[in-house]
Amino acid sequence: MTEILVLVDHADGQVRKPALELLTLARRLGTPAAVVLGAGDNAAAIAAKAAEYGAATVHTADAPEFTAQLVVPKVDALTQIAQATEAGAVLVTSSGEGKEIAARVALRLGSGLITDAVDLEAGASGPVATQSVFAASFQVKSTVTHGAPVITVKPNAVAPEPAPAAGTVQAVEVAFTGNAATVTARTPRVSSGRPELTEAAIVVSGGRGVGAAEGFGVVEDLADALGAAVGASRAAVDAGWYPHTNQVGQTGKQVSPQLYIAAGISGAIQHRAGMQTSKTIVAVNKDPEAPIFELVDYGIVGDLFTVLPQLTAQAKG
Amino acid sequence: MTLRIAVCVKYVPDATGDRRFADDTTTDREGVDGLLSELDEYGVEQALRIAEASGDAEVTVLTVGPDDAKDALRKALSMGADKAVHVNDDDIHGSDVIATSAIVAKALEQVGFDLVVCGMASTDGTMGVLPALLAERLGVPQATLLSEVGVEGTTVKGRRDGDAASEQVEAQLPAVVSVTDQSGEARYPSFKGIMAAKKKPVQSLDLDDLGIDADAVGLAGAWTKVETVTARPPRSKGTIVTDEGEGGKQLAAFLAEQKFI
Ligand SMILES: Cc1cc2nc3c(=O)[nH]c(=O)nc-3n(C[C@H](O)[C@H](O)[C@H](O)COP(=O)(O)OP(=O)(O)OC[C@H]3O[C@@H](n4cnc5c(N)ncnc54)[C@H](O)[C@@H]3O)c2cc1C
Ligand SMILES: Cc1cc2nc3c(=O)[nH]c(=O)nc-3n(C[C@H](O)[C@H](O)[C@H](O)COP(=O)(O)OP(=O)(O)OC[C@H]3O[C@@H](n4cnc5c(N)ncnc54)[C@H](O)[C@@H]3O)c2cc1C
């Protein structure tokens, strides 16, 4: 069976959940082979995790270039591995960096590129990707007609399922091509201790209606009671009430949790673009005419400062 | 030496309008109002700021798009760009991103550049990959998704806020950068700017001018194929309750029923 290469996204020595989702999807298309780049001493543990989720082979490469230069070293590695193994397809997580890597790999391989797939199936002539476009108002099914398909997949496209495989580790020497921007300093993001926004099963978001940075207290309390991640609208981020890394929407994170709770958010098209594919949507808003109510499964017309604390108390039971 | 800055901009259907697909599964760019992608205003803005800081720079805006895409160029010119290049050819219709990147890259080579500035993503395709593809094709470094950008001598520097870390990055010119909507509010065109824009040169190029074979682009030359397009069924109408003191509890009951609590 053809090898389906999966670029394994990892941070702080841990495999990120979307990589396990990719391995799960790859099994529908062929034999998954993981690619683990720049993981240092953690490579073995990451390879083991990839094997647990179906990787028959794990290609690993490590070099200072992977962290010292932007994008290109990973493109070099992934392209060279895809060529050497004659991979049937290449799957990468849809993050800002993931998409850039995938695009350049596609160009080097002479392959078509599909980004932001929300589902993947095996088709008669290769993988069929589902994209959710125009702020999730259309579903598009597309295929790659030239070269080994390179596809980026959004987090939460599928529930990761373990399927233990050999996970034979193969160390790879990469020929670096250079011509990259250099990273002169790196400040790791401080973890909030809450689930990762794009990976969380539940997201609670606050908007302009929260009124101030302190107002996010009621949003965080509810999130913690539900084990949820915290999101914010751009209005709240632009006001400086919450960090940009938590922004949900077209120019923030695109989330697709089981449950999305929007508090004090009107539901602008650009916000919807980041949350409209959520399974269950709930909103709390003072204004009965707020467009967010068009999307909800359950909505409360009311003041978030009374509704949220009451809900939090109930959730804590 | 004059710093040559080229800004790539896209003309897109208005996101607040009724965006749809045409019968050939391409984006309907005829029946829907279009405009300069809002995210490309940030690219124009940063290019102008870099030009102003340098004192000796020329800003060219470049678009690949249909006739109406001129509106996007006019807007950028009225913000303060010096000149514009419009690549327009019926055979481009339906190009995928690999083909689009070939056209934009060829046009950039013809125009000449020290720095290429792009937006973070278009507001219709939203792929966010064209800048990386341009860097690959042009053989220059990419410093993309920057929330802060500046040029010092022959080095472009900036801050890239990733998922796991915030990075300071730099590259030697010539280079391709893309800027996010965190990079600084875009200016509004002044009345003077709008009047001046009418006299600024807009050069038109077609595929022949760029030496690109029509078969290599458009729907025919695409390496991807849209098989089906389906409008998502509207979400079924949910329950809306007005809070009369028990709203939080009612919501809790709904969430319990759905097994979230
Ligand atoms: C190119 C572009 C990209 C964009 N990208 C994004 C993006 O990624 N994410 C994003 O979110 N936006 C984005 N926007 C901005 C978007 O258009 C909206 O401006 C933004 O989403 C509005 O945020 P909001 O809903 O919090 O604020 P508002 O629209 O001001 O809504 C606030 C809501 O809070 C309600 N409210 C007020 N007080 C209370 C209270 N006490 N209790 C309950 N409800 C209350 C009000 O009734 C109102 O409905 C983008 C815009 C553009 C042009
Ligand atoms: C809903 C939708 C989904 C699509 N999915 C795919 C897909 O999966 N694979 C595929 O190959 N194609 C796809 N396309 C086609 C693709 O969007 C176009 O080929 C487009 O020209 C480039 O992609 P983008 O708009 O996403 O650009 P992005 O990569 O998001 O654009 C980033 C930046 O590049 C510059 N730029 C983009 N387009 C132009 C232009 N025409 N002229 C000048 N500068 C420009 C701007 O600075 C912009 O901010 C899709 C199109 C749509 C509408």
Side-chain angles (χ1 to χ4, degrees), chain A residues 11 70-71 95-97 99-100 103-104 106-107 111-115 128 134 136-147 179-189 202 226 244-245 250-251 259 269-270 280 282 293 295-302 306-311 314-315, chain B residues 15-16 19 21 39 96-98 101 120 123 126-129 132-133 136-137 139-145 160-171 175 180-182 222-232 235 238-243 247-252 254 258 260-261:
Chain A
L70 221 54
V71 177
S95 60
E97 187 196 33
K99 291 204 273 187
E100 293 184 331
R104 296 183 70 152
L107 191 51
S111 296
L113 170 75
I114 293 172
T115 58
V128 180
F134 292 158
S137 50
F138 287 89
Q139 287 234 324
V140 171
K141 286 194 192 285
S142 41
T143 53
V144 166
T145 54
H146 197 277
N179 241 339
T182 51
V183 178
T184 54
R186 170 179 282 112
T187 321
R189 191 151 67 81
I202 304 180
L226 297 172
H244 179 252
T245 41
Q250 188 183 332
T251 56
L259 171 64
I269 184 86
Q270 297 89 354
T280 300
V282 166
F293 285 128
L295 302 183
V296 299
D297 296 285
Y298 202 89
I300 302 279
V301 180
T306 56
V307 176
L308 261 46
Q310 200 176 67
L311 173 58
Q314 295 285 318
Chain B
T16 58
R19 290 183 293 181
F21 289 89
L39 294 173
D96 65 1
V97 76
I98 297 282
S101 69
M120 64 188 286
T123 58
T126 71
M127 297 181 79
V129 300
L133 290 170
E136 179 74 28
R137 289 200 185 266
V140 302
Q142 73 168 87
T144 45
L145 301 175
R160 173 170 162 119
D161 294 325
D163 270 350
S166 172
E167 296 168 324
Q168 292 294 331
V169 301
E170 62 180 63
T180 73
D181 62 338
Q182 299 291 301
W223 290 356
T224 47
K225 182 168 186 293
V226 172
E227 305 285 348
T228 58
V229 173
T230 355
R232 196 186 158 89
R235 292 183 79 102
T239 312
I240 314 262
V241 183
T242 302
D243 179 33
K249 288 185 186 159
Q250 286 166 292
L251 187 45
F254 169 78
Q258 305 283 317
F260 288 115
I261 53 181

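Values in this document were obtained by computation on a predicted structure and should not be read as measured data. Residue numbers begin at 1 in each chain, while the letters A, B, ... track the order of the sequences.
For B:Asp96, the salt bridge (Lys or Arg N to Asp or Glu O under 4.0 Å) criterion is met by no residue, not counting sequence neighbours. Shown here are the side-chain contact (heavy atoms from CB on, under 4.5 Å) partners of A:Arg189, two or more places apart in sequence or in another chain: A:Glu196, A:Thr245.
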Pair B:Glu167-A:Arg186, salt bridge (Lys or Arg N to Asp or Glu O under 4.0 Å): steps then yes or no:
CA-CA 4 Å; B:Glu167 296 168 324; A:Arg186 170 179 282 112; 2.4 Å; yes
Run the side chain to side chain contact (heavy atoms under 4.5 Å, CB included) check on B:Val129 and A:Thr115 step by step: do they pass?
CA-CA 9 Å; B:Val129 300; A:Thr115 58; 4.2 Å; yes
How far apart are the C-alpha atoms of A:Gln139 and B:Thr230, what are their side-chain angles, what is the distance that settles it, and do they pass the side chain to side chain donor-acceptor pair (under 3.5 Å) test?
CA-CA 5 Å; A:Gln139 287 234 324; B:Thr230 355; 5.7 Å; no
Between A:Thr251 and B:Asp181, is the side chain to side chain donor-acceptor pair (under 3.5 Å) condition met? List the steps.
CA-CA 7 Å; A:Thr251 56; B:Asp181 62 338; 2.7 Å; yes
Evaluate the criterion side chain to side chain contact (heavy atoms under 4.5 Å, CB included) for residue pair B:Thr126 and A:Phe134; output intermediate values, then yes/no.
CA-CA 9 Å; B:Thr126 71; A:Phe134 292 158; over 6 Å; no
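B:Thr224 places no side-chain N or O within 3.5 Å of a backbone atom of A:Val144 that could act as its donor or acceptor partner. In terms of modelled atom types and a separation under 3.5 Å, the side chain of A:Gln310 and the main chain of B:Gly248 share a donor-acceptor contact. Checked by atom type and distance alone, the side chain of A:Lys141 never pairs as donor or acceptor with a backbone atom of B:Val229 at under 3.5 Å.
At least one side-chain heavy atom of B:Arg160 sits under 4.5 Å from a side-chain heavy atom of A:Leu70.
Side-chain atoms of B:Glu227 and A:Thr143 include a donor-acceptor pair closer than 3.5 Å.
Going from atom OG1 of B:Thr16 over to atom CD of A:Gln270 covers 7.5 Å, rounded to the nearest 0.5 Å. Taking OG1 of A:Thr145 as the start and NZ of B:Lys225 as the end, the distance is 8.5 Å to the nearest 0.5 Å. Atoms CD1 and CH2, from A:Ile114 and B:Trp223 in turn, are 14.0 Å apart once rounded to the nearest 0.5 Å. To the nearest 0.5 Å, atom CD1 of residue A:Ile202 and atom CZ of residue B:Phe260 are 6.0 Å apart. Of the inter-residue distances, the one linking A:Glu100 atom CD with B:Gln142 atom CD reads 4.5 Å to the nearest 0.5 angstrom. Atoms CG and CD, on A:Asp297 and B:Gln258 in that order, are 7.0 Å from each other to the nearest 0.5 Å.
Heavy-atom distances place the backbone of A:Ala180, and not its side chain, under 4.5 Å from chain B. For a residue to count as touching a neighbouring chain, one of its non-hydrogen atoms must lie under 4.5 Å from one of that chain's; by this rule B:Thr180 does not touch chain A. With a threshold of 4.5 angstrom between heavy atoms, A:Thr306 approaches chain B through side-chain atoms but not through N, CA, C or O. Only the backbone of B:Val140 comes within less than 4.5 Å of a heavy atom in chain A; its side chain stays farther off. Within the 4.5 angstrom heavy-atom criterion, only side-chain atoms of A:Gln250, from C-beta onward, approach chain B. Only the side chain of B:Gln182 comes within less than 4.5 Å of a heavy atom in chain A; its backbone stays farther off. Interface residue B:Ile98: only side-chain heavy atoms are found under 4.5 Å from chain A. Residue contact with chain B, scored on non-hydrogen atoms closer than 4.5 Å, involves the backbone and the side chain of A:Val296 alike. Both the backbone and the side chain of B:Met127 come within contact range of chain A, with heavy atoms under 4.5 Å apart. Within the 4.5 angstrom heavy-atom criterion, atoms from both the backbone and the side chain of A:Leu259 approach chain B. The parts of A:Leu295 that come within reach of chain B are both its backbone and its side chain, each placing non-hydrogen atoms under 4.5 angstrom from that chain. Both the backbone and the side chain of A:Leu113 come within contact range of chain B, judged by heavy atoms closer than 4.5 Å.
Comparing A:Ser137, A:Gly147, A:Ala315 by how many heavy-atom pairs each has under 4.5 Å with chain B, the most go to A:Ser137. Annotation: maximal heavy-atom pairing with chain B below 4.5 Å, among A:Ser95, A:Ser111, A:Gly96, occurs at A:Ser111. Counting heavy-atom pairs closer than 4.5 Å to chain A, the top-ranked of the candidates B:Asp243, B:Val241, B:Val97 is B:Val241. When B:Arg232, B:Gln250, B:Met120 are compared by the number of non-hydrogen pairs under 4.5 Å with chain A, B:Arg232 comes out ahead. No other option in B:Pro141, B:Ala175, B:Gly162 has as many heavy-atom pairs under 4.5 Å with chain A as B:Pro141. The choice from A:Ile269, A:Val282, A:Val140, A:Asn179 that makes the most heavy-atom pairs within less than 4.5 Å of chain B is A:Asn179. Among B:Asp161, B:Leu145, B:Thr144, B:Thr228, the residue making the largest number of heavy-atom pairs under 4.5 Å with chain A is B:Thr228. The candidate from A:Ala185, A:Ala136, A:Ala103, A:Ala11 with the greatest count of non-hydrogen atom pairs under 4.5 Å with chain B is A:Ala185. Counting heavy-atom pairs closer than 4.5 Å to chain A, the top-ranked of the candidates B:Gly139, B:Gly128, B:Ala222, B:Ala171 is B:Gly139. Contact tally against chain A (heavy-atom pairs below 4.5 Å) for B:Leu39, B:Asp163, B:Thr123: the top residue is B:Asp163.
A salt bridge links B:Glu136 with A:Arg104; the closest basic N to acidic carboxylate O contact falls under 4.0 Å.
When all heavy atoms are compared, the tightest approach of A:Thr184 to B:Val169 is OG1-N, 4.3 Å.
A:Ile300 pairs in a side-chain contact (heavy atoms from CB on, under 4.5 Å) with only one of the listed residues (B:Ile240, B:Leu251, B:Thr239), which is B:Leu251.
Taking the six-membered ring for Trp and thresholds of 30 and 60 degrees, A:Phe138 and B:Phe21 have ring planes more than 60 degrees apart, a perpendicular arrangement.
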